[in-house]
Chemist: 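Quick one: this structure, given as structure tokens, is what I'll be asking you about.
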Amino acid sequence: MSTQVIFILILFNFIFFLNFSKIAKIFGIYDYPDKVRKFHKTPIPILGGSIIFLSLIIIFIFSYFSNNNFLLELGFNKKEILYFFLFCAAIFSIYLVDDVKNLGPNFKLFLLFILIICYLIFDSSLIIKNLEFKFFKEIFFLGNFSIIFTVLCFLLFINALNMFDGINLQCGSYSLFILLIFLFLSKNIAIIYFIIPLIFFLLLNNSNKCFLGNSGSALLAFIISVLAIKFYNSGFLYADDIFLLMCIPGYDLLRLAFVRLLHKKHPFYPDRNHIHHLLSKSYGNNIAIFLIIFLISSINLLNIFFKSLTILAIFLSIFFYCSIIFYIKKIKK
């Protein structure tokens with residue numbers, strides 16, 4: 001790990017943090033309340049994605065153009081670093097336009113599908129070729145379905161995390177938790193490069209000065225997906241580890257898509273029926289975030305420290321998610 005890069009990242013984000021109000025006016029990208037889905041009192045800058053992406057530029061410059069390729073620690077070679085940065089930039093740009101212009105869900109999904117296919121063509125090391133579980137001795141080889149399965153994993157998590165971003169601190173705290181788990185399991189301190197800008201964003205988000213935006217949630221989801229596959233293909237993670245890390249946003253995505261289709265709406269049609277919205281209405285934002293992060297952390301810590309209880313952790317994740325939804329729905333009635 002490069003201490004020089006750590007210092008520059010901290011310094012850059014600290015300066016950004018201190019001058020945030022001035023910088024926000026220069027960017028001029030705000031989320032305006034509409035009293036339908038957005039109830040904040042004043043326009044809030046959507047710069048969470050920009051904070052992460054600008055930090056990513058620093059990481060890329062020092063890693064790609066220096067003789068010391070410190071991202072080798074994460075399994076990237078020189079070409080893979082370039083591809084990773086270019087596709088991060090492409091996804092960030094598309095969803096930044098979405099933050100401003102509100103692109104249609106079908107158009108975004110199509111662009112995302114094309115981008116991920118292209119990314120896997122350029123970097124085939126990210127293709128998931130088999131599924132290996134802790135609780136099962138056999139390895140399931142995907143064969144000709146490898147690329148399609150990998151693309152589907154990217155699409156599901158990027159859309160799930162995008163839908164999981166509804167109240168302050170939730171998406172950022174959840175992403176931070178995943179990165180800390182990656183750090184703990186892999187013992188790879190290069191993960192800190194991605195943690196630093198996320199912490200500074202959370203400080204701004206906590207004071208309601210900055211939102212993550214679609215550009216931020218999509219970029220974070222893409223970075224986490226790439227790192228998860230890197231660690232999985234390197235043997236640091238099993239398929240069930242990744243499933244448990246991502247299952248709660250995944251359950252919410254599947255539930256909402258099903259309900260929306262039943263009501264003849266687009267599966268990615270925005271509403272306020274997400275788990276965090278339901279909990280927030282009944283108990284407030286702070287309790288909602290605590291319950292969701294507690295649920296996610298509990299099942300994952302159970303899985304990590306008691307490896308023989310992985311199946312139990314999966315069943316508990318389903319049970320508690322469904323219990324929360326049914327209980328809140330019952331209260332509303």
Side-chain angles (χ1 to χ4, degrees), residues 49 53 56 74-77 79-98 103-133 139-165 171 175 178 182 214-258 260-261 266-269:
F53 182 68
L56 200 62
L74 292 173
F76 292 90
N77 60 36
K79 285 186 178 179
E80 290 169 356
I81 291 171
L82 178 61
Y83 299 147
F84 175 64
F85 174 75
L86 290 176
F87 281 92
C88 278
I91 287 174
F92 170 73
S93 299
I94 289 170
Y95 281 86
L96 184 63
V97 173
D98 183 45
L103 302 175
N106 289 333
F107 183 59
K108 284 188 294 186
L109 190 62
F110 172 75
L111 288 178
L112 190 58
F113 176 80
I114 296 300
L115 277 176
I116 293 170
I117 286 286
C118 292
Y119 185 42
L120 295 177
I121 291 172
F122 282 106
D123 187 359
S124 59
S125 70
L126 287 167
I127 297 174
I128 303 169
K129 297 179 180 179
N130 59 66
L131 293 177
E132 187 174 0
F133 300 89
I139 298 175
F140 298 92
F141 292 94
L142 298 173
N144 295 330
F145 295 99
S146 296
I147 294 179
I148 295 299
F149 179 79
T150 308
V151 171
L152 184 63
C153 289
F154 270 102
L155 291 177
L156 285 174
F157 186 62
I158 290 173
N159 282 286
L161 194 63
N162 179 260
M163 293 168 67
F164 202 59
D165 180 29
C171 191
S175 300
I178 290 182
F182 287 170
N214 293 333
S215 57
S217 62
L219 180 58
L220 269 177
F222 182 73
I223 292 171
I224 289 171
S225 297
V226 171
L227 292 176
I229 294 173
K230 284 281 185 185
F231 290 141
Y232 174 76
N233 287 340
S234 300
F236 290 110
L237 293 171
Y238 288 89
D240 34 4
D241 293 326
I242 297 174
F243 175 84
L244 282 167
L245 282 170
M246 302 179 175
C247 67
I248 300 302
Y251 296 157
D252 218 38
L253 171 72
L254 293 175
R255 176 182 66 86
L256 290 168
F258 179 73
R260 289 165 183 171
L261 287 171
H266 194 284
F268 299 138
Y269 179 83

Chemist: Does Leu131 have more than 12 heavy atoms from other residues, nucleotides or ligands lying within 6.0 Å of its CG?
Modeler: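 For Leu131, atom CG is crowded (more than 12 foreign heavy atoms under 6.0 Å).
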Chemist: For the CZ atom on Phe110, are there more than 12 heavy atoms of other groups (residues, nucleotides or ligands in this structure) within a distance under 6.0 Å?
Modeler: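 Open.
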Chemist: Can you measure from CG (Leu82) to CZ (Phe87) and round to the nearest 0.5 angstrom?
Modeler: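 So the CG of Leu82 and the CZ of Phe87 are separated by 9.5 Å.
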Chemist: Which pair of heavy atoms, one from Tyr232 and one from Glu132, lies closest together, and at what distance?
Modeler: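 Residues Tyr232 and Glu132, closest heavy atoms: OH-N, 2.7 Å.
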Chemist: What is the minimum heavy-atom distance between Ile128 and Leu142, and which atoms define it?
Modeler: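 For Ile128 versus Leu142, the nearest heavy atoms are O-CD1, 3.3 Å.
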Chemist: Side chains of Leu245 and Phe157: does their closest heavy-atom pair fall under 4.5 Å?
Modeler: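 Not touching, per the 4.5 Å side-chain cut-off.
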Chemist: Any non-hydrogen side-chain atom of Met246 less than 4.5 Å from a side-chain atom of Leu156?
Modeler: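 No, side chains not in contact.
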Chemist: Which is it for Phe231 and Ile242 under the side-chain contact (heavy atoms from CB on, under 4.5 Å) test, yes or no, and what are the steps along the way?
Modeler: CA-CA 10 Å; Phe231 290 141; Ile242 297 174; over 6 Å; no
Chemist: Do Ile223 and Cys88 make a side-chain contact, defined as non-hydrogen atoms from C-beta onward lying under 4.5 Å apart?
Modeler: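 Side chain of Ile223 against side chain of Cys88, heavy atoms only: contact under 4.5 Å found.
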Chemist: For the OG atom of Ser93 and the CZ atom of Phe53, what is their distance to the nearest 0.5 Å?
Modeler: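 Spacing of OG (Ser93) from CZ (Phe53) equals 6.0 Å.
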Chemist: How many angstroms lie between CD in Glu80 and OG in Ser124, if you round to the nearest 0.5 Å?
Modeler: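 If we round to the nearest 0.5 Å, Glu80:CD and Ser124:OG are 8.0 Å apart.
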Chemist: Tell me whether the rings of Phe122 and Tyr83 are parallel (<30°), tilted (30 to 60°) or perpendicular (>60°).
Modeler: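 Ring orientation, 0 to 90° scale: tilted.
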Chemist: First locate atom CD1 of Ile127, then atom CG of Asn130, and finally report the distance between them rounded to the nearest 0.5 Å.
Modeler: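 Result: 12.5 Å between the selected atoms.
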Chemist: Give the minimum heavy-atom separation between Leu115 and Ala90, together with the two atoms involved.
Modeler: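 Smallest interatomic distance, heavy atoms only, reads CD2-CB, 3.8 Å.
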Chemist: Would you give the length of the straight line joining atom CG of Leu96 to atom CD1 of Ile91, rounded to the nearest 0.5 angstrom?
Modeler: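 It is 13.5 Å, given to the nearest 0.5 Å.
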Chemist: What closest approach, in Å, do Phe133 and Ala239 show between heavy atoms, and which atom pair accounts for it?
Modeler: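 Distance-wise, the nearest heavy atoms are CE2-CB, 3.7 Å.
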Chemist: Is there a side-chain contact between Asp98 and Tyr95 (heavy atoms, below 4.5 Å)?
Modeler: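 Result yes, sub-4.5 Å side-chain heavy-atom pair found.
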Chemist: Can you check whether Gly143's main-chain N or O pairs, donor with acceptor, with Ser146's side chain at less than 3.5 Å?
Modeler: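 At least one qualifying donor-acceptor pair exists.
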Chemist: Is the side chain of Asp123 donor-acceptor paired with the backbone N or O of Phe84 at a distance under 3.5 Å, no angle test?
Modeler: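 Judged by distance alone, no pair lies under 3.5 Å.
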Chemist: Do you know the tightest heavy-atom contact between Ile158 and Ala221?
Modeler: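 Nearest pair, atom of Ile158 first, then Ala221: CA-CB, 3.6 Å.
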Chemist: Determine whether Leu103 and Asn214 make a side-chain contact, defined as any pair of heavy atoms from C-beta on separated by less than 4.5 Å.
Modeler: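 Result no, sub-4.5 Å side-chain heavy-atom pair not found.
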Chemist: Can the ring centres of Phe222 and Tyr119 be said to be less than 6.0 Å apart?
Modeler: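 Yes, ring centres under 6.0 Å apart.
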Chemist: If you apply the rule side-chain contact (heavy atoms from CB on, under 4.5 Å), what do you find for Ile117 with Ile121, and how did you get there?
Modeler: CA-CA 6 Å; Ile117 286 286; Ile121 291 172; 4.0 Å; yes
Chemist: Is the closest side-chain heavy-atom distance between Phe236 and Asp241 below 4.5 Å?
Modeler: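 Heavy-atom side-chain distance check fails, nothing below 4.5 Å.
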Chemist: Whether the side chain of Ser217 engages the backbone of Leu161 through a donor-acceptor N/O pair (distance < 3.5 Å, no angle test) should be reported.
Modeler: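 Looks like no, no N/O pair under 3.5 Å.
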Chemist: For the atom pair CZ (Phe154) and CD1 (Ile224), what is the distance rounded to the nearest 0.5 Å?
Modeler: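 Rounded to the nearest 0.5 Å, the CZ-CD1 separation comes out at 12.0 Å.
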Chemist: Write down the atom of Ile116, the atom of Leu155, and the distance for their closest heavy-atom approach.
Modeler: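 Shortest heavy-atom contact: CD1-CD2, 3.9 Å.
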Chemist: For a 4.5 angstrom cut-off between non-hydrogen side-chain atoms, does Leu126 reach Asn233?
Modeler: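 No, their side chains stay 4.5 Å or more apart.
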Chemist: How about Val151 and Leu120: do any of their side-chain heavy atoms sit closer than 4.5 Å?
Modeler: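 They are in side-chain contact.
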